[in-house]
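Working notes, structure below.
Both backbone and side-chain heavy atoms feed into the values below; hydrogens, waters and symmetry mates do not. FYI, the numbering just counts along the sequence from 1. Whatever order the structure lists ligands and atoms in, that order sets their numbers, starting from 1. Since the model is a prediction, treat every value here as computed from it, not as a measurement.
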Amino acid sequence: MNTIISNSELESLHFDNSFTRDLPGDTQPDNFRRQVQHACYSRVRPETVSSPQLVAYSKEVAHQLGLSEASCNTQHFTDVFVGNTLLPAMDPYAMCYGGHQFGSWAGQLGDGRAINLGEVINKDNQRLVLQLKGAGPTPYSRNADGLAVLRSSVREFLCSEAMFHLGIPTTRALSLITTGESVLRDMFYDGHPKNEPGAVVCRVSPSFLRFGNFEILSSRQDLSLLKDLTDYTIRTDFPHLGAPSKATYLKWFQEICDTTVAMILHWMRVGFVHGVMNTDNMSILGLTIDYGPYGWLEGYEADWTPNTTDAQGRRYSYSNQPHIGQWNLLQLANAIYPLIAEKEALEEILRSYSAQFQLGWNNMMSAKIGLLDCNPATDDALIGELIDILQLVETDMTIFFRRLGGLFAQDKETDISAAHHPLRAAYYRPEQLDRSYIEKMNNWLTSYQKRLAQDNLPHELRRQKMDRINPKYVLRNYLAQLAIDKAETGDNSLVTELLQLLRNPYDEQPKMEKYAEKRPEWARHKAGCSMLSCSS
Ligand code: AMP
Ligand code: MG
């Protein structure tokens, strides 16, 4: 049983549980796996665990909630955010949603291992839903255990905070806590299951609603509940759109398209590959959600995917993400169509996605190479050529763009072969730099230098602008794995160090240079560093 105690800073959190108050829940109170009809959620309690230990917390998220660092370091905090202790005002529940997985409708999925504790209203009047991931089974757990392992929890915790500090819309992570229980996982689904330490992450977001929450109701023809959920969402998360009506639903869909485009552009900017862009992993607020087998581009490779489950089809590869975003929005449009019944209007919004993405892409790529603005007539070709060249030899994306900002420091014509020199740190295989490659790169650098001259921006200013868009530090796949390897031995120091490093991803941090280097060779084919699965 979970204990309910009081008298601490945590008890002064102000809860307003609108989701469970305003929407219908499952009438069956018992926690067993089932199809849940005519309901948006099922009430369920987190499982009690034997010996929870705090691994790390985000002081920024704690602050946002109004919690001091002192209270994060109490046993009470650990007990609450592992799910052993419920605060009196919490009303825990798991949400019902469906989804298209790898292109096919998968029916009911739901929060199989996520339990929402309630909605906190903070001092700035923001609504923040607290959600435990890995706190035990729910009616939506299907044939799985509702638990999460330390490995995947470290990845979720660090990456969501890293994304936030990169300026990318994302759900947040308040805490990472080990449970003291072991969890059996077959990491590569190859018949070699292993016991791993269990963990719970407390995620925080204004809303955890996904495209799939709407799709499931539509697929079941539960149109009255579809309308109730949509109206609730607009009232709660999109109040600026006005009272729900057909016109408002269209504006709402347009805004979801806009935020989705913006999110994916950010991913492309920093080389983030989500790995499982199923519609149940698409946030209605355009936030990056569900950090599973994600990865960061090392060598710039358009069709790279970190997810071994997707190695064949490469549906969720880096360069396919914009297209999949649109495909997912089409599924959402189909789901909400019965509320609007205006095919043309929805199609029009969907059609505008490509143009909107292209415009954003041009602006983003121009900014990455330090142009003041994008002149498509000339700059499309400049950007396109660069992307081709980047793929000719294995080139580290993060290092390349960061170093590009340091070129041409003299504000005058520079010898091009000398200019190329600082970029060499980005190449994984120097032997690939043959004459033909060098010639292509030098030609590009020559055109680039000419183009920069048109802007007439002082070098230092250009560099500063580029350094704000091209991060120096990202959560390289092997770095996350090193932090996991240590944490699995009980040493949380690298989790803490990376969390600190990634708070300032755009700053030079001279003592941290080693974390900006390219992936070491040993990590090229190592599990967790280059190959990931959905087993988490
Ligand atoms: P994901 O691919 O992690 O987004 O998960 C897809 C679906 O599987 C969601 O409904 C999850 O809640 C569910 N799921 C994933 N892992 C587990 C688990 N260990 N226990 C229960 N449900 C899970
Ligand atoms: Mg998911």
**Q.** Partner of V49 by side-chain contact (heavy atoms from CB on, under 4.5 Å), out of V200, V82, T178
**A.** V82
Q. So among Y300, W267, F272, which one has a ring pair (Phe, Tyr, Trp, His ring centres under 6.0 Å) with Y318?
A. Y300
Q | R315 to F102 six-membered ring, cation-pi geometry met (6.0 Å, 45°) | A | no
Q. Which residue from M95, R142, K133, Q108 reaches closest to atom 7 (C) of ligand 1 through any of its heavy atoms?
A. R142
Q.
Using heavy atoms and a 4.0 Å limit, tell me yes or no: is R185 in contact with ligand 1?
A. yes
Q) Taking only heavy atoms of D145, which atoms of ligand 1 are found under 4.0 Å from at least one of them? A) 18 (C), 19 (N), 20 (N)
(Q) Could you check whether D16 and S18, counting side-chain N and O atoms only, form a donor-acceptor pair closer than 3.5 Å? (A) no
**Q.** Heteroatom test (N, O or S) for N278 near the Mg ion (ligand 2), limit 2.8 Å
**A.** no
Q: Would you check whether G112 has a nitrogen or oxygen atom less than 3.5 angstrom from a nitrogen or oxygen atom of ligand 1?
A: yes
Q. Got an N/O contact under 3.5 Å between D111 and ligand 1?
A. no
(Q) L147 versus ligand 1: do any nitrogen or oxygen atoms come within less than 3.5 Å of each other? (A) yes
(Q) Hydrogens and angles aside, do E298 and Y478 bring a side-chain donor and acceptor to less than 3.5 Å of each other? (A) no
(Q) Determine whether any protein heavy atom is located less than 4.0 Å from atom 5 (O) of ligand 1. (A) no
Q.
Please check whether Q101 reaches ligand 1 - meaning an N/O of the residue sits under 3.5 Å from an N/O of the ligand, judged on distance alone.
A. no
Q) Have T489 and D491 got a donor and an acceptor in their side chains that come within less than 3.5 Å? A) no
Q: On the 0 to 90° scale, with breaks at 30° and 60°, tag the Y294-Y291 ring pair as parallel, tilted or perpendicular.
A: perpendicular
Q. Does at least one non-hydrogen atom of G292 fall below 4.0 angstrom from an atom of ligand 1?
A. no
Q: Any chance you could lay out the ring pair (Phe, Tyr, Trp, His ring centres under 6.0 Å) test for F19 and Y232, step after step, and finish with the verdict?
A: CA-CA 8 Å; F19 195 79; Y232 163 85; 5.6 Å; yes
(Q) Which atom name would you report as the N, O or S atom of D290 nearest the Mg ion (ligand 2)? (A) OD2
Q: Provide the number and element of each atom of ligand 1 under 4.0 Å from a heavy atom of G146.
A: 18 (C), 19 (N), 20 (N), 21 (C)
**Q.** Part of D290 within contact of ligand 1 (heavy atoms, under 4.0 Å)
**A.** side chain
